[in-house]
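What follows is a single structure, written as structure tokens, with notes after it.
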Amino acid sequence: MDHRARAFWSSGTGHGGIRDEVLPDPGPGDVLVRALVSGVSRGTELLVFRGGVPESQRAAMRAPFQAGDFPGPVKYGYLAVGVVEQGPDALRGRTVFALHPHQTRWVVPAAAVTVVPDDVPPSRAVLAGTVETAVNALWDAAPLVGDRVAVVGAGMVGCCVAAVLAGFPGVRVELVDVDPARAAVAQALGVPFALPEDAAGDCDLVVHASATAAGLARSLELLAVEGEVLELSWYGDREVAVPLGAGFHARRLAIRSTQVGMVAPARRGRRGVADRLALALRLLADPRYDALVTDAVPFEDLPALMPRLAAGEPFAPCVRVTYG
């Protein structure tokens with residue numbers, strides 16, 4: 001077999017480059033996958049790119065097939081779709097999703113890949129890990145029929161949460177972001193959009209995904225009495241001020257964290273990680289999610305793309321990396 005591959009590595013200082021890799025021979029329980037597309041997580045992955053993983057969280061933040069250690073150099077990523085070139089007969093030739101970094105070909109255990117349904121194109125399947133995060137967050141939040149919900153932050157995760165919520169019966173959901181250009185994405189998802197100052201209040205639930213102190217403060221302001229903010233943002237090594245004065249206590253507000261590393265307690269006894277990912281891939285049969293992956297760059301352009309994303313240049317919520 002051809003043992004060569006190329007992979008993107010972050011220095012942890014806001015720079016990165018492509019390295020040659022030597023692949024191991026696949027064992028009887030492994031698959032060799034040729035990459036079709038991967039996705040850049042503009043939250044966690046950019047935080048890793050600039051070296052912002054706190055020392056206390058470096059073990060917890062390791063990706064399944066990460067190489068190197070934080071702050072860097074490190075090969076990091078977890079949104080990859082490819083075709084199985086070698087492996088068990090049931091998988092050979094199938095399109096699969098895996099939590100793998102950006103790399104042209106890779107060898108992983110067969111149990112680490114999930115077959116992509118035939119009605120989900122690879123360009124959309126790259127969102128599986130993000131929709132899985134949204135599913136887990138909503139298992140944590142447990143919105144009820146008729147709830148008033150705001151999603152603050154129209155990045156990858158916020159948009160996926162809003163898209164899933166749009167299918168809940170009777171729920172008033174609004175996607176809130178400081179960038180008015182995100183209104184077009186919200187429209188494609190079938191979700192109302194508002195700038196923070198125009199957002200509808202009296203919310204039973206606010207899902208916060210902007211990773212900014214201002215977004216968290218506005219999330220609290222949007223709550224009804226005894227409402228809850230579900231905090232999806234991860235701030236890395238940044239300290240964030242939380243406004244717990246004014247009416248926070250009198251209105252009996254709550255802030256609760258959620259994280260995809262473990263299945264939400266509400267479903268942990270009956271669902272596993274594989275069930276959650278399979279559900280995310282089924283949801284991605286909906287073509288609305290194409291609105292999140294409209295921008296694409298060749299793999300070779302990743303070293304130039306990442307600094308541009310880190311600088312805040314406007315791109316789609318998820319930038320696809322394509323492999324020729």
Side-chain angles (χ1 to χ4, degrees), residues 43-44 57 60 130-178 182 186 189 191-236 238-271 276 279-280 283:
T44 303
Q57 296 300 305
T130 311
V131 175
E132 182 186 9
T133 300
V135 167
N136 205 61
L138 292 174
W139 280 351
D140 267 327
L144 301 176
V145 173
D147 270 1
R148 300 175 294 264
V149 184
V151 180
V152 177
M156 286 174 63
V157 175
C159 284
C160 287
V161 170
V164 176
L165 274 170
F168 279 56
V171 168
R172 184 198 81 186
V173 57
E174 189 171 61
L175 187 57
V176 181
D177 200 272
V178 296
R182 286 290 193 247
L189 295 174
V191 177
F193 175 84
L195 295 171
E197 60 270 23
D198 301 325
D202 202 29
C203 292
D204 304 290
L205 168 70
V206 176
V207 179
H208 179 234
S210 81
T212 66
L216 178 54
R218 185 60 177 142
S219 296
L220 288 167
E221 292 172 350
L222 294 175
L223 288 176
V225 173
E226 297 188 337
E228 179 178 83
V229 169
L230 190 75
E231 179 57 274
L232 254 173
S233 305
W234 191 60
Y235 301 90
R238 289 179 293 146
E239 293 188 2
V240 179
V242 183
L244 301 182
F248 180 81
H249 288 85
R251 297 169 61 217
R252 298 177 57 85
L253 305 183
I255 303 174
R256 186 156 58 101
S257 67
T258 182
Q259 209 273 339
V260 73
M262 292 186 290
V263 173
R267 293 293 178 271
R268 197 174 298 163
R270 300 184 299 281
R271 305 286 194 281
R276 191 177 62 185
L279 171 58
L283 291 172

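Here, residue 1 is the first one in the sequence, and each next residue gets the next number.
Residues V145 and P169 approach most closely at CG1-O, 3.5 Å, considering heavy atoms. Of all heavy-atom pairs between A137 and T258, the closest is CA-OG1, 3.7 Å. The two residues A199 and A194 make their nearest non-hydrogen contact at CA-CB, 3.8 Å. Listed here is the closest heavy atom pair of C160 and V131: SG-CG2, 3.8 Å. The two residues A241 and A213 make their nearest non-hydrogen contact at O-CB, 4.1 Å. The two residues C159 and L189 come nearest to each other via the heavy atoms O-CD1, 3.7 Å.
Within the 4.5 Å cutoff, the side chain of R276 has heavy atoms near those of the V260 side chain. Using a 4.5 Å heavy-atom cutoff, the side chains of F248 and L220 are in contact. Inter-residue side-chain proximity for L195 and V178 is flagged as unmet; no heavy-atom pair is nearer than 4.5 Å. Between P192 and L175 there is no side-chain heavy-atom pair separated by less than 4.5 Å. A 4.5 Å side-chain heavy-atom check between V149 and D204 finds every atom pair outside the cut-off. The shortest distance between side-chain heavy atoms of R172 and C203 falls below 4.5 Å.
Environment of CZ in R252: sparse, with no more than 12 heavy atoms of neighbouring residues, nucleotides or ligands closer than 6.0 Å.
Remark: the backbone N or O of D202 is paired with a side-chain donor or acceptor of R148 at under 3.5 angstrom. Between the E174 side chain and the A200 main chain, a donor and an acceptor come within less than 3.5 Å of each other. R182 contributes no side-chain N or O that, together with a main-chain N or O of D177, makes up a donor-acceptor pair within less than 3.5 Å. When atom types are taken as modelled, the side chain of R238 and the backbone of A211 share a donor-acceptor pair closer than 3.5 angstrom. In this structure a side-chain-to-backbone donor-acceptor pair under 3.5 Å is present from H208 to L216. Remark: the backbone N or O of M262 is paired with a side-chain donor or acceptor of N136 at under 3.5 angstrom.
Residue S210 holds its OG atom at 12.5 Å from CZ of R218, rounded to the nearest 0.5 Å. The CZ atom of F168 sits 9.5 Å away from atom CG of L144, with the distance rounded to the nearest 0.5 Å. Between atom CD of residue Q259 and atom CH2 of residue W234 there is a gap of 9.0 Å, rounded to the nearest 0.5 Å.
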* Would W139 and V263 satisfy side-chain contact (heavy atoms from CB on, under 4.5 Å), going step by step from the backbone distance to the final call? -> CA-CA 9 Å; W139 280 351; V263 173; 3.9 Å; yes
* Asked: Are V152 and L222 close enough, and set up right, to give a side-chain contact (heavy atoms from CB on, under 4.5 Å), and what steps lead you there?
  -> CA-CA 10 Å; V152 177; L222 294 175; 4.2 Å; yes
* **V161 and L230: CA distance, side-chain angles, deciding distance, side-chain contact (heavy atoms from CB on, under 4.5 Å) verdict** => CA-CA 11 Å; V161 170; L230 190 75; over 6 Å; no
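For the side chain to side chain contact (heavy atoms under 4.5 Å, CB included) with V151, the qualifying choice from V176, L232, V157, L165 is L165, the only one to do so.
Using a 4.0 Å cut-off between charged side-chain N and carboxylate O, R256 and E228 make a salt bridge.
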